[in-house]
Amino acid sequence: MKACFMGLGYIGLPTAIIAAKHGVQITGVDINPRVVELTNQGKLHIIEPGMEEMLGEVITSGALRASVVPEKSDAYFMVVPTPFKGNHEPDISYVEAATRAVLPLLKEGDLYVIESTSPVGTTEKMMSLIYTERPELRDKIYIAYCPERVLPGNVIYELVHNDRVIGGINEASTEKAVEFYVQFVQGTLHRTNARTAEMCKLTENSSRDVQIAFANELSLICDKAGINVWELINLANKHPRVNILQPGCGVGGHCIAVDPYFITAEFPMESKIIADAREINNYKAFWCAEKVQNEMLKFQLKYQRTPVIAMMGLAFKPNIDDLRESPAKYITTKVMQGCSNADILVVEPNVCEHKVFKLTNYREAYDRADIVVMLVAHDVFKELPWTDGKVILDFCGIYKK
Ligand code: SAJ
């Protein structure tokens with residue numbers, strides 16, 4: 001069987017590699033020639049443990065070949081970004097462009113699948129596009145939606161072991177897509193329709209966003225009430241039916257901080273909690289930046305000099321090097337703008353160098369700082385002691401114990 005993956009990013013490339021390893025002949029397509037070139041050299045352009053060896057194997061065996069243009073196949077997968085526009089409206093133009101690129105290649109009996117996180121109704125929209133442009137294919141190809149669910153850093157395991165939801169535009173399409181995924185997925189493949197599968201993906205990430213917003217709201221309340229929020233959550237979670245997540249400096253990444261808007265944009269009157277959660281999680285980052293600026297002013301008044309401030313962490317979550325949509329990066333930028341006369345040391349132990357921030361070693365920054373701002377709960381920060389002489393703003397629970 002031949003399959004064509006449109007998009008060789010964080011999801012498309014690993015999925016193409018795993019499918020190739022399981023005997024599917026893959027063309028991996030990306031509009032970025034550099035990505036295509038690196039992939040064909042067996043070099044991974046993303047960071048994912050264990051993935052480069054696998055890529056080397058499938059390139060050497062010829063099971064995967066990257067290209068800037070799609071090739072005639074039996075199945076086509078749209079795995080391209082779906083960002084949002086300035087007004088938080090979802091932008092499905094990449095899905096549409098990828099679909100248009102494969103349109104001339106489609107033939108009777110082919111499978112067309114969207115994996116990109118998409119607003120409800122996108123699969124039906126693409127179906128209409130395909131049938132308008134290629135009317136002879138109406139009811140002669142299989143069309144389905146199958147969202148990915150993997151956690152960056154654990155992609156090889158999760159691509160194979162996670163359950164998946166597969167929703168076709170009709171039962172035959174669902175079954176055809178199941179036949180494809182069963183080749184490499186060991187988790188259960190749950191059958192549904194396309195609209196439910198689209199909403200399921202948005203629901204999963206919105207649910208997590210709402211739960212994190214609850215923890216962040218508690219952290220704001222506890223700050224005013226003089227209560228340690230980490231101790232509070234730990235105690236509340238001793239109840240058999242309570243399971244509160246952890247507060248942090250905001251919510252980042254390209255999924256949880258984005259996907260809920262796909263619901264609120266389309267159902268603004270009905271999605272009050274989801275919209276509020278987004279606002280709370282965004283506000284938390286703003287609140288953290290204000291806190292740092294206030295501490296700096298207090299320090300200046302007390303000691304009549306500007307403090308050294310260590311901003312600890314830039315990644316969007318612990319122990320990764322991904323800075324996309326990172327609240328820590330937003331806070332650091334805001335603090336640098338608001339405290340331009342302070343000596344600000346920026347730390348990110350998982351990144352070697354950055355084009356905007358001059359990075360300092362985490363131990364050196366900690367030792368030199370008057371004010372230490374813990375933004376990301378990287379494991380290495382946990383070995384730094386609580387020092388009484390320093391002002392420590394712990395936004396991510398490094399010292400919760
Ligand atoms: N966060 C907290 N407190 C917590 C947990 C997370 O503040 O208790 C923050 C993190 O620091 C980070 C953000 O939330 O800034 C998102 O991190 P995450 O680990 O919750 O999620 P992602 O974005 O890495 O991956 C999510 C996953 N979705 C769910 O857990 C429902 C993953 O399974 C999806 O595949 C991925 O989104 C995606 O691609 O959609």
Side-chain angles (χ1 to χ4, degrees), residues 7 9-15 46-48 79-84 90 114-118 145-159 161-165 187 197-220 229-230 233-234 236-237 243-263 274 277-278 280-285 287-288 312-331 350 374-379 381 394-398 400:
Y10 279 85
I11 303 299
L13 182 56
T15 314
I46 55 170
I47 294 175
E48 185 57 46
V79 202
V80 290
T82 41
F84 57 72
I114 303 176
E115 282 207 7
S116 310
T117 303
S118 301
Y145 182 76
C146 178
E148 58 81 18
R149 289 172 148 176
V150 295
L151 207 60
N154 197 25
V155 168
I156 297 180
Y157 179 86
E158 294 206 359
L159 262 180
H161 293 91
N162 286 359
D163 283 11
R164 290 190 79 142
V165 173
E198 288 162 345
M199 187 62 185
C200 188
K201 172 69 189 183
L202 303 180
T203 301
E204 290 160 15
N205 282 353
S206 299
S207 155
R208 194 149 169 90
D209 199 41
V210 168
Q211 290 176 59
I212 298 168
F214 182 69
N216 277 333
E217 186 163 287
L218 282 178
S219 74
L220 301 179
V229 69
W230 314 103
I233 290 175
N234 183 40
N237 283 348
N243 190 10
I244 304 168
L245 292 181
Q246 301 296 300
C249 69
V251 166
H254 36 286
C255 308
I256 309 250
V258 174
D259 300 354
Y261 291 120
F262 288 20
I263 299 179
I274 298 171
R278 274 292 61 242
I280 291 164
N281 288 333
N282 285 341
Y283 173 70
K284 183 66 193 286
W287 181 89
C288 292
M312 306 293 283
L314 281 179
F316 87 81
K317 67 178 187 176
N319 306 322
I320 60 165
D321 65 346
D322 192 339
L323 311 188
R324 286 180 292 173
E325 311 289 333
S326 167
K329 197 170 79 176
Y330 161 84
I331 295 164
N350 299 303
M374 290 295 184
L375 294 168
V376 188
H378 290 313
D379 285 345
F381 295 165
D394 182 8
F395 296 133
C396 56
I398 295 283
K400 61 183 159 194

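Ligands are counted one by one from 1 in listed order, and the atoms in each one are counted from 1 as well. In what follows, residues are counted from 1 in the order of the sequence shown.
- With hydrogens and angles ignored, the 3.5 Å screen pairs a side-chain donor or acceptor of Asn237 with a backbone N or O of Ile244.
- For a threshold of 3.5 Å applied to N or O pairs, the pair formed by Gln246 and ligand 1 contains at least one separation below that value.
- No donor-acceptor distance shorter than 3.5 angstrom exists from the side chain of Ser206 to the backbone of Thr203, with no hydrogens or angles considered.
- Heavy-atom separations between Gly253 and ligand 1 are all 4.0 Å or longer.
- Closest approach of Leu375 and Gly313 over heavy atoms only: CD1-O, 3.5 Å.
- Closest protein heavy atom to atom 39 (O) of ligand 1: Glu148 OE2, 2.7 Å.
- Atoms of ligand 1 found under 4.0 Å from any heavy atom of Lys201 (numbered from 1 in listed order, with element): 34 (C), 35 (O), 38 (C), 39 (O), 40 (O).
- The minimum heavy-atom distance between Ala215 and Ile233, with the atom names listed, is CB-CD1, 4.4 Å.
- Between the side chain of Asn281 and the backbone N or O of Asp209, at least one donor-acceptor pair lies under 3.5 Å.
- For the pair Glu48 (side chain) and Val155 (backbone), a donor-acceptor distance under 3.5 Å is present.
- With hydrogens left out, the protein atom closest to atom 33 (O) of ligand 1 is Arg149 O, 2.8 Å, a heavy atom.
- Within the listing of ligand 1, atoms 31 (C) sit less than 4.0 angstrom from a heavy atom of Glu204.
- Checked by distance only, ligand 1 and Pro327 stay at 3.5 Å or farther apart across all their nitrogen or oxygen atoms.
- Side-chain atoms of Arg324 never come within 3.5 Å of backbone atoms of Phe316 as a donor-acceptor pair (strictly under, hydrogens ignored).
- Shortest contact from atom 15 (O) of ligand 1 to any protein heavy atom: Phe316 O, 2.6 Å.
- The protein heavy-atom contact nearest to atom 28 (N) of ligand 1 is Asn205 OD1, 2.9 Å.
- Around atom CZ of Phe84, more than 12 heavy atoms belonging to other residues, nucleotides or ligands sit under 6.0 Å away.
- Contacts with ligand 1 closer than 4.0 Å are made by side-chain heavy atoms of Arg208 only, the backbone lying farther away.
- Contacts between Val150 and ligand 1, counted as non-hydrogen atom pairs separated by less than 4.0 Å, involve the backbone only.
- Lys317 CD, 3.7 Å is the protein heavy atom nearest to atom 17 (O) of ligand 1.
- Using a cut-off of 4.0 Å between Lys/Arg side-chain N and Asp/Glu carboxylate O, Lys201 and Glu148 are scored as salt-bridged.
- The nearest non-hydrogen atom to atom 14 (O) of ligand 1, considering only Ile212, Ile256, Asp209, comes from Ile212.
- Distance alone, capped at 3.5 Å, is enough to place a donor-acceptor pair between the Ser326 side chain and the Leu314 backbone.
- Below 4.0 Å from some heavy atom of Leu151 lie the following atoms of ligand 1, by number and element: 24 (O), 25 (O), 27 (C), 32 (C).
- Considering only non-hydrogen protein atoms, atom 36 (C) of ligand 1 sits nearest to Cys255 SG, 3.6 Å.
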